[in-house]
Amino acid sequence: MAPSPLSRRSLLVAGGAVVALGAAGASPSAAAPTPSDDSIGTPAEALRNLLAGNRRFTSGHGRHPHQGLADLHRLAAGQHPFAITVGCADSRVAPEVLFDQGLGDLFDNRVAGNIVDDLLLGSVEFAVEEFGSLLIVVLGHERCGAITATIDAIRTGGEAPGHIGTIVDSLRPVVESVLDQPGDPVENAVRANIAAQVRALSARSSIIAEKVHQGALRVVGARYDLDNGRVSLVA
C-alpha cells in the first residue's frame, strides 16, 4: 500500500530549499490559505493577540471567535495558524480556550511536561515551514503533574511505572538543577522547564533559529495560573 502524504503539500528538502509538492494541482485557496486574522503580520502582533485573548478569557468577556461550522468549512481548503503552542497535555490547559482563539489560529503540540523531544520538534518545524507561523509559545503551568512526579522519583529513588518513566527521565536534568533552590520546588522546576524548552527549540533546530534570526519568528515561554486563568511570560 502506498504511504499517505504528510499533508496536502508534502515537504521535500532539495538543494537547501524546502519545496512544496502537489500544490500545482490544488485550488488557489488550498495552495495559499489566508490567515484567520489578516491584522497579525509580525511576531509582536501575534503575541499581543494571544495576551489580549487571555485577558478576555480571565475577565469573562471571551469572543469565542470563528468556532462555527462555516469556519470549519472555510478551513478545509487550508490552514494558516499564526502561532504554535508547545503545551502540557493537562486537561485544564487548553490553548484555544485560555487564549480565546478559534479554529485555524493555533497549531497545538501537547505532551505531559511540555517536553521538546525529537518528535515534537519535527511537528513544530513542520508548522514553521509549512504555515509560516510567527510565534512559538512554550506553555507550562503551575502544579504540573509531570514535574511533581519527577521530583518524587528523584527524592524517593523510585521509578515511574510504564512509559511514564520516559517523561520523568526527560525532565530529570532540569528538575535536579533547581531542586535545592529556596522556594516551592514544583514552581521552581516548572519555570526552569519552560526556560529550558524555549532554549531547546532554537538550540536544536536550525530551521527555528534561522527564522528567529531573520525576525520572522519569536519563541517565548509562558506560565498558566490554574487558579485565575492568567498567562504570564516567564522566558
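Neither V190 nor V178 shares a network with the other; the hydrophobic side chains, linked directly or stepwise wherever heavy atoms of I, L, V, M, F, W or Y lie under 4.5 Å apart, form separate groups for each. Hydrophobic cluster membership is shared by V86 and L121, with clusters built from Ile, Leu, Val, Met, Phe, Trp and Tyr side chains linked at under 4.5 angstrom. If you chain together hydrophobic residues whose side chains sit under 4.5 Å apart, L201 and V111 fall into the same group. The cluster map of Ile, Leu, Val, Met, Phe, Trp and Tyr, joined by side-chain heavy atoms under 4.5 Å apart, puts I194 and I115 in the same cluster.
When the shell of 6.0 Å around CD of E159 is examined, it contains 12 or fewer heavy atoms from other residues, nucleotides or ligands.
The pair R92-D90 meets the salt-bridge criterion, with a side-chain N (NZ, NE, NH1 or NH2) lying under 4.0 Å from an Asp/Glu carboxylate O. Taking the charged nitrogens against the carboxylate oxygens, D184 and R191 have no contact shorter than 4.0 Å, which rules out a salt bridge.
Taking each heavy atom of A146 and I167 in turn, the nearest pair found is CB-CG2, 4.0 Å. Contact detail for P185 and L179: the closest heavy-atom pair is CB-CD1, 4.2 Å. Minimum heavy-atom separation, V168 to T150: CA-OG1, 3.7 Å. Listed here is the closest heavy atom pair of S202 and V212: OG-CG2, 4.2 Å. Contact record, P81 with S133: O-OG, 2.7 Å, taken as the closest heavy-atom pair. For the pair V174 and S177, the tightest heavy-atom approach, listed with the atom from each and the gap, is O-OG, 2.6 Å.
Remark: the backbone N or O of D227 is paired with a side-chain donor or acceptor of E142 at under 3.5 angstrom. Here the side chain of R223 pairs no donor or acceptor atom with the backbone of H141 at under 3.5 angstrom. At least one donor-acceptor pair closer than 3.5 Å links the side chain of R110 to the backbone N or O of V93. In this structure, the side chain of N54 does not engage the main chain of F99 through any donor-acceptor pair within 3.5 Å. In this structure a side-chain-to-backbone donor-acceptor pair under 3.5 Å is missing from T58 to G229. No donor-acceptor pair closer than 3.5 Å links the side chain of D169 to the backbone N or O of T166. At least one donor-acceptor pair under 3.5 Å links the side chain of D100 to the backbone N or O of R63. At least one donor-acceptor pair closer than 3.5 Å links the side chain of N188 to the backbone N or O of P182. The main-chain N or O of G158 is found under 3.5 Å from a side-chain atom of T156 such that the two form a donor-acceptor pair.
A donor-acceptor contact closer than 3.5 angstrom links the side chains of Q197 and N193.
One finds the NE2 atom of H213 at 15.5 Å from the CD1 atom of I208 (value rounded to the nearest 0.5 Å). Here the straight-line distance linking atom CG of L135 with atom CG of L47 works out to 5.5 Å at 0.5 Å rounding. Taking CZ of R55 as the reference point, atom CZ of R230 lies at 11.5 Å (rounded to 0.5 Å). In this structure, CD on E96 lies 8.0 Å from CD on Q101, to the nearest 0.5 angstrom. Note that the CD atom of E176 and the CG atom of L171 stand 11.0 Å from one another [nearest 0.5 Å]. Atom CG of residue L226 and atom CZ of residue R143 lie 5.0 Å apart, to the nearest 0.5 angstrom.
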* To do: Let me see the working for L139 and L98 under side chain to side chain contact (heavy atoms under 4.5 Å, CB included), right down to the final yes or no.
  => CA-CA 11 Å; L139 184 63; L98 61 94; 4.3 Å; yes
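By the 4.5 Å heavy-atom criterion applied to side chains, L50 and L106 are counted as neighbours. Side chains of L103 and R74 form no contact here, defined as non-hydrogen atoms less than 4.5 Å apart. Taking the side chain as every heavy atom from C-beta outward, I154 and R172 approach each other to under 4.5 Å. You'll find the side chain of I151 reaches within 4.5 Å of the side chain of V186, heavy atoms only. Using a 4.5 Å heavy-atom threshold, the side chains of N109 and V116 count as separate.
The aromatic rings of F131 and F126 sit perpendicular to each other, their planes meeting at more than 60°, with 30° as the lower class boundary.
Exactly one residue among K211, E125, E210 makes a side-chain hydrogen bond (donor to acceptor under 3.5 Å, both in side chains) with S205. That residue is E125. When each of Q79, H66, Q67, H80 is paired with D105, the side-chain hydrogen bond (donor to acceptor under 3.5 Å, both in side chains) condition holds for H66 and for no other.
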